[in-house]
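Below is one structure, written out as structure tokens, with a few remarks after it.
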Amino acid sequence: MNVHKLWDYKEHVNVNGVMLTSELISLLQTSLTLIQVENHFITMQYWGQIYAIDADYHIAVGINKDALNDRKYFYTTDFNFWGLLPKAKKKYKLLSLLATQPFRGDPSENIKVLDEALDENDPDRCKTMKEEARLAATISNICEEAEVCARGQLIKQPEGTVVINPNFYGLTATEAKMLKSYLHIRPAQHKWNTNLLTRPDYNYSMDFLDSIDQDIPKGCWNLILENVGSVAYLKSLYWPGMMYFHKIRTPDAGFLYVGHGRKNLDVPFLL
Amino acid sequence: MSQSFLLEPDIIAATENVMPDLNNDLVLAKNFLKQQSAATGDNLYDHLVDLVHKILTHKPPDVVDNFEQYSWEVKQEKLRPNFDLLNDVYLSPPQLAIARKMDEMFKLVASKSQKMQEQGEEEQELDLEEESDKPRITDLIDHNYYFRQAGYGLPDSECYALYIALNMLAIKEPVATVRFFGKIFGTKANYYVAETDLTIEELDRRIREFDMKDMPGEGEGLDEERVQEQGEEHKDILGEGEEEAQAQKPKEPVPPKLPPIPLSTWQPKPTIPVERPGQGVNKKVYWVCNLPGDPWTCLPDATPEQIRVARLSLRAMTGDLDAEVQTFPLFEGTERHYLRAQIARIAAATSISPQGFYTFGSGEEEEDIDLEEAGDMNFNQNPFYQGHTIKDLVDPELAYWVHHGRHILKQGRTIWWNPRPEMQASCLLAVLFNCASRASVKIANREEGEEEEDENPPSIEAETGPSLFAPLSADVSTSGPTWTTRVGSVLGGRALAVIRSNLWPGAVAYATDGKRSECMYVGWGLKNEPPNFSPLQLPRPQEEYSVGPEVMEMADPTFADEEVYRIAHLPPAPPAEIPGEGGEEFSEEEEDED
């Protein structure tokens, strides 16, 4: 969610009963504006919270020229110091899915992860990872699997950079009811024309991302229109705590994650 | 508009003039631009005019960067069909259906409150006794304000509509207290859940209904048992008879002796009686609706079996109360029963309050039955509660927070039910389960005569759980702490203690340092069970045959073996038995010799 629009968006936060308090918004706006200026970000977004035992992590994203690849993540527990999150390593991404214990709230703490798939004598069975690395990996996982945007919110420009569309007017009511109108914010994993071929009104500058209706299993995304059909809410069953809202026919939309940072592996049972 | 350019006489004149000059070039270019596309009938000239027009009227910033998109939008607008005939048809906004419901609800509540006011004025003149009839509704808006200070709660729009909906519930249904329990997400629609106490009359009626339903059920169970026993006896007699018959006529060629037909030794577990309305897990009655304004639906009482199955399974709500529930231990009932079982579990686990906020039955008079039930004491808000300091409330030791939801035992009841009442037919139990267990005690007495010789069944340890008002510090979990506390404010000032459950994500409670506290659940109705859910394993199949020499695999006798056997058996009577030989074969041989 754009930091400078948090006051407008706070009514639309709808994830496990979480509301953004006025204090939180004030703190975020002041501290993140400073970060934005220091780093010359074009857009600054509040990404969400990861619950931890001692102190919760708050995550923010700074977006530079390229909205897809040029993102920097920051975390804090006290709003005074925002640390730059390291790039997530593939090794840690796997390990963070295996870790069951909750986050501690101390980024320098080492945690041990047991990989039960390996043999008992395997030296790789028990690995340690720093909580900061785990945080980065978890966030990277969530972004890859659950961060979405409405179709048209991001556009690819002729020179190849992806920007946030300044002329995004929002989806129509019929479009908003279809999962096909929501796209993953990640480098496309399907073939480049998969999305183009499935819609009659394709647009090269919009349909360069994967749409979420191809995610497995069907029903892992929960799309509900609320407020008498004026706001579309999108939730992922894989990442409980993730929320995307879009006010129909307006450019207002935002992503938020507030949760434990654990992937829900029980989705097939839920459906 | 562009048509007017075409018909200008100057231009027509200019086209006839073929001499190269500026005017002619302009006309040629214009003509080119006005060439109609064969596919759409459009021409570029009109398009450019429209585009420039749109840009000049809308005055967007940085047009040059998004020129392509503007062009595209202008084309899209042109494609919009113009249904002249349908223009006069008024399409009502989609909000209409909901607005109608809300309107109805508002009118109902408004008229009721007006009536109450008038009545109130009259009563003030007469007497004030009727006050107690009014259902007590928790002030959701007030609590929501505090929840929002703590970072949780409902959006304002939802909260107000819901508050009115709770009022409607209080008006329409026979309830004594109304409290907002929470919101449960579903894949298609969400549930709003209200927690109520019934009025005394309605509760009495339900208890009577429950007793009526329950008694015949007990009788049937008895009959079934009788039939089973009779059947077993019958089989025993038959079995003996067969043996006698075989002994009597050994000479006739008898077909090889078949092993007996396997009998199922599986016996259904005794059904655990349901707690009666107003008791245990069914103490509160829950009402749900999908949207504030919809009529509230009463959820049926939870049975121990449903709670047991709900614990073993995992399923997201759909939002349809009649949806089928497919789980492995078969769930009896539809989603409304499942939802009720989940609510019972959530309520038992996450109803928390600061220590001393509630106290055992002080104040209002209670029913006689409730006073007798030691394990099911009523509690009320403590009028002498003074509040704790925020520092105490956010202490990670959690000693200042207590459960006020009764722990649900493994049985699926809050009060332990003894499946073998004959073991300790104490009067306490008989009092506790005045209807259900009295019947079962009777059964036990009747059966005692028949089963005198039966060996004493092992006595069953009574299941116990944490008592009411046990501190949260006693909660156990396999991974990490079960509760997390936070102060509502980092900067200080408006301090508020907030506590959230890690086992049931979405369950939160707040307490101020004053006299306010409330808990709420907004979530998927799923328990957080790391690492992940694994469905119940299928039970092992029963052994079809009892393992004996008849069904055991062994080596066939070789020719040498048979020879040895034959020689050994030649003149005298055969010896009793040879180890390692199949019994079946042995008997066959015997018969052959006969």
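- Contact annotation for B:Leu291: neither backbone nor side-chain heavy atoms come within less than 4.5 Å of a heavy atom of chain A.
- There is no side-chain donor-acceptor pair under 3.5 Å between A:Glu145 and A:Ser236.
- Using a 4.5 Å heavy-atom cutoff, the side chains of B:Thr485 and B:Leu398 are in contact.
- With a 4.5 angstrom heavy-atom cutoff, B:Phe185 touches chain A only via side-chain atoms.
- Ring pair A:Tyr257/A:Trp239 is perpendicular by interplanar angle, where above 60° counts as perpendicular and below 30° as parallel.
- Side-chain contact between A:Leu256 and A:Tyr9 is absent, with no heavy-atom pair separated by less than 4.5 Å.
- The choice from B:Ile98, B:Asn502, B:Leu314 that makes the most heavy-atom pairs within less than 4.5 Å of chain A is B:Leu314.
- Both the backbone and the side chain of A:Asp56 come within less than 4.5 Å of a heavy atom of chain B.
- In terms of non-hydrogen atom pairs under 4.5 Å with chain A, the most contact-rich of B:Arg500, B:Met520, B:Gln326 is B:Arg500.
- When heavy atoms are compared at a cutoff of 4.5 Å, B:Ala97 does not approach chain A at all.
- Neither the backbone nor the side chain of B:Phe147 comes within less than 4.5 Å of any heavy atom in chain A.
- The shortest distance between side-chain heavy atoms of A:Asp215 and A:Trp221 falls below 4.5 Å.
- Residue A:Lys263 does not touch chain B at all, counting heavy-atom pairs closer than 4.5 Å.
- For A:Leu27, the part lying near chain B is the side chain, with the backbone staying farther off; criterion is any non-hydrogen pair under 4.5 Å.
- No side-chain heavy atom of B:Leu162 sits less than 4.5 Å from a side-chain heavy atom of B:Lys183.
- Among A:Asn222, A:Thr21, A:Leu237, the residue making the largest number of heavy-atom pairs under 4.5 Å with chain B is A:Asn222.
- Using a 4.5 Å heavy-atom cutoff, the side chains of A:His12 and A:Asp252 are not in contact.
- Neither the backbone nor the side chain of B:Glu68 comes within contact range of chain A, judged by heavy atoms closer than 4.5 Å.
- No other option in A:Ile224, A:Leu225, A:Leu223, A:Leu265 has as many heavy-atom pairs under 4.5 Å with chain B as A:Ile224.
- At a threshold of 4.5 Å between non-hydrogen side-chain atoms, the residues B:Trp483 and B:Ile352 count as touching.
- The contact between A:Pro166 and chain B is made entirely by side chain atoms (from C-beta outward), counting heavy-atom distances below 4.5 Å.
- Residue contact with chain B, scored on non-hydrogen atoms closer than 4.5 Å, is absent for A:Ala173.
- Contacts of B:Thr484 with chain A are made by side-chain atoms alone, with heavy-atom separations under 4.5 Å and no backbone atom involved.
- Heavy atoms closer than 4.5 Å to chain B are found in both the backbone and the side chain of A:Ile53.
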Inset, instruction - Decide yes or no on side-chain contact (heavy atoms from CB on, under 4.5 Å) for A:Val13 and A:Phe245, but give the supporting numbers first. - result: CA-CA 8 Å; A:Val13 174; A:Phe245 83 90; over 6 Å; no
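- By number of non-hydrogen pairs under 4.5 angstrom with chain A, the leading residue of B:Gly506, B:Gly151, B:Gly523 is B:Gly151.
- Annotation: maximal heavy-atom pairing with chain A below 4.5 Å, among B:Ala150, B:Pro505, B:Gly153, occurs at B:Gly153.
- Within the 4.5 Å cutoff, no side-chain heavy atoms of A:Thr161 are placed close to those of A:Lys65.
- Contacts with chain B were tallied for A:Val267, A:Leu24, A:Ile155, A:Asp54; A:Asp54 has the most, counting heavy-atom pairs under 4.5 Å.
- Under 3.5 Å, the side chains of B:Tyr192 and B:Glu158 contain a donor-acceptor pair of N or O atoms.
- With a 4.5 Å cut-off on non-hydrogen atoms, A:Phe103 does not touch chain B at all.
- Below 30°, between 30° and 60°, or above 60°: for A:Tyr244 and A:His246 the angle between ring planes is below 30°, a parallel geometry.
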